[in-house]
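Reading through the structure tokens given below for one structure.
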Amino acid sequence: MTPLSPPKGRCLSRRPVRIWKLKKKIKEALSKEKGTVYKDPGGKARVCLIYPNSYSLGMTNLGFQTVYHLFNEISDCVCERAFLPGKDDLPEYLRTSTPLLSYESQTPVKDFDIIALSLPFEEDYTNIPKIFGLARVPVFAGERGDCPPLVIAGGIAVSLNPEPLAEIVDIFLIGEGEGMTGEVIDVYRKLKGGPKQEILRAFDSISWAYVPSLYDFEYDGAKVKKIIVKKGAKAKVKAAKRPGLEGLEVPQSFIVTPDTEFRNTFLMEVERGCGRGCRFCAAGFLYLPPRWRDIEAIKAT
């Protein structure tokens with residue numbers, strides 16, 4: 001879980017050339033995409049949505065694509081993407097001391113207002129320190145102080161259990177994403193530039209936002225013995241969930257590219273949740289009760 005950092009004492013005389021090569025590779029990936037959103041960042045809240053694994057895996061994930069789309073639907077928000085560099089690119093980032101870059105504008109991730117982690121799988125947790133090390137962002141929330149970016153996280157893995165990342169993430173968004181993004185940007189923009197503690201307290205007023213720094217835990221071995229709620233914080237976090245899917249836009253492959261694990265495949269959500277009750281399936285339990293989309297709405301999409 002040690003963050004990556006560039007090797008010391010290495011000559012960086014060819015650094016501009018190598019950075020150009022990294023940017024060129026990103027631009028080549030972008031050239032194959034259809035549906036990419038490019039927005040002028042002026043006066044907008046800037047969000048870097050990070051998938052903590054490769055580009056090909058991230059662009060296959062319907063939740064990741066949907067959150068990208070939801071943020072960019074907000075007029076005063078611009079959302080760009082970043083990924084864990086591949087094995088071929090990682091040595092170049094380290095040799096050239098290049099900070100992790102976003103895709104759409106090749107902006108250093110550390111320069112965004114908000115880092116949003118999309119976390120569907122616990123196995124990717126160990127990639128987060130690597131990503132923060134490359135981005136030149138302190139891994140632990142307590143080390144970041146009032147300095148931006150604000151780190152938020154959502155997805156099925158943290159909705160199931162956010163605690164493994166509680167010392168890293170400032171705010172967890174628990175539950176389903178529709179309706180979350182607009183409120184996140186509204187709260188952030190009202191308090192942008194203010195003390196971080198004020199921002200965290202404002203988010204704590206939202207039922208589905210979990211701010212781990214506002215709670216302490218007592219343990220009995222591996223079990224939680226007691227949860228201590230700090231003064232002014234809410235006692236419980238309630239996951240965001242829609243009773244039905246009527247009227248909601250159908251999550252789909254908003255960006256299409258051949259460079260994904262599901263090549264030549266268009267993804268679309270036709271149901272949410274599952275009634276089979278398999279014990280190993282987190283999604284089957286978190287998204288209960290099962291909800292199906294109207295077939296006519298699917299056809300219209």
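In this chain, numbering begins with 1 at the start of the sequence shown.
For the 3.5 Å distance criterion, the side chains of E80 and S105 qualify, holding a donor opposite an acceptor. No hydrogens or angles considered: nothing links the side chains of T60 and E261 as a donor-acceptor pair under 3.5 Å. H69 and Q65 share no donor-acceptor pair across their side chains, judged by distance under 3.5 Å alone.
Not one N or O on the side chain of D259 forms a donor-acceptor pair closer than 3.5 Å with the backbone of S56. Looking only at distances, no side-chain donor or acceptor of K34 sits under 3.5 Å from a matching main-chain atom of F254. Within the 3.5 Å criterion, the main-chain N or O of G133 finds a donor-acceptor partner in the side chain of R136.
Between E176 and R242 there is no salt bridge, since none of the side-chain N atoms of the basic residue sits less than 4.0 Å from a carboxylate O of the acidic one. Salt-bridge check for R291 with E246: failed, with every basic side-chain N at 4.0 Å or more from each acidic carboxylate O. Salt bridge absent: K25 and E28 never bring a charged side-chain N and a carboxylate O closer than 4.0 Å. Salt bridge annotation for D113-R189: absent, with no cationic side-chain nitrogen under 4.0 angstrom from a carboxylate oxygen. Between K226 and D220 there is no salt bridge, since no side-chain N of the basic residue sits under 4.0 Å from a carboxylate O of the acidic one.
Under a hydrophobic clustering in which Ile, Leu, Val, Met, Phe, Trp and Tyr are joined whenever their side-chain heavy atoms come within less than 4.5 Å, directly or via other members, L160 and I174 fall into different clusters. Under the 4.5 Å side-chain heavy-atom criterion for Ile, Leu, Val, Met, Phe, Trp and Tyr, L101 and I255 are members of the same hydrophobic cluster. Hydrophobic clustering places V169 together with I227 (ILVMFWY residues linked when any side-chain heavy atoms are closer than 4.5 Å, directly or through intermediates). One hydrophobic cluster holds both Y215 and F140 under the rule that ILVMFWY side chains link at heavy-atom gaps under 4.5 Å.
Within a 6.0 Å radius of NZ in K230, other residues, nucleotides and ligands contribute more than 12 heavy atoms. Within 6.0 Å of CZ in F285 there are more than 12 heavy atoms belonging to other residues, nucleotides or ligands. Atom CZ of F217 has more than 12 neighbouring heavy atoms from other residues, nucleotides or ligands inside a 6.0 Å radius.
Nearest heavy atoms, K39 versus I74: NZ-O, 2.9 Å. Minimum heavy-atom separation, S102 to A82: CA-CB, 4.4 Å.
Remark: R81 is not positioned above the aromatic ring of Y51, lacking an NZ or CZ atom under 6.0 angstrom from the ring centre and at most 45 degrees off the axis.
Residue I131 forms a side-chain contact (heavy atoms from CB on, under 4.5 Å) with just one option from V139, I115, L84, and that option is L84.
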Could you go through the salt bridge (charged side-chain N to carboxylate O under 4.0 Å, His left out) check for R293 and E271 one step at a time? CA-CA 6 Å; R293 292 189 178 273; E271 68 173 287; over 6 Å; no

I would like to know whether E163 and Y210 meet side chain to side chain donor-acceptor pair (under 3.5 Å); could you show each step before the answer? CA-CA 10 Å; E163 289 311 311; Y210 168 45; 2.6 Å; yes

One pair to check against salt bridge (charged side-chain N to carboxylate O under 4.0 Å, His left out): E218 and K223. What are the steps and the verdict? CA-CA 9 Å; E218 290 183 6; K223 296 181 179 180; over 6 Å; no

Check step by step if side chain to side chain contact (heavy atoms under 4.5 Å, CB included) holds for V47 and Y188. CA-CA 11 Å; V47 178; Y188 179 77; over 6 Å; no

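A parallel orientation is assigned to the rings of Y55 and Y103, their planes being inclined by less than 30° (bins at 30° and 60°).
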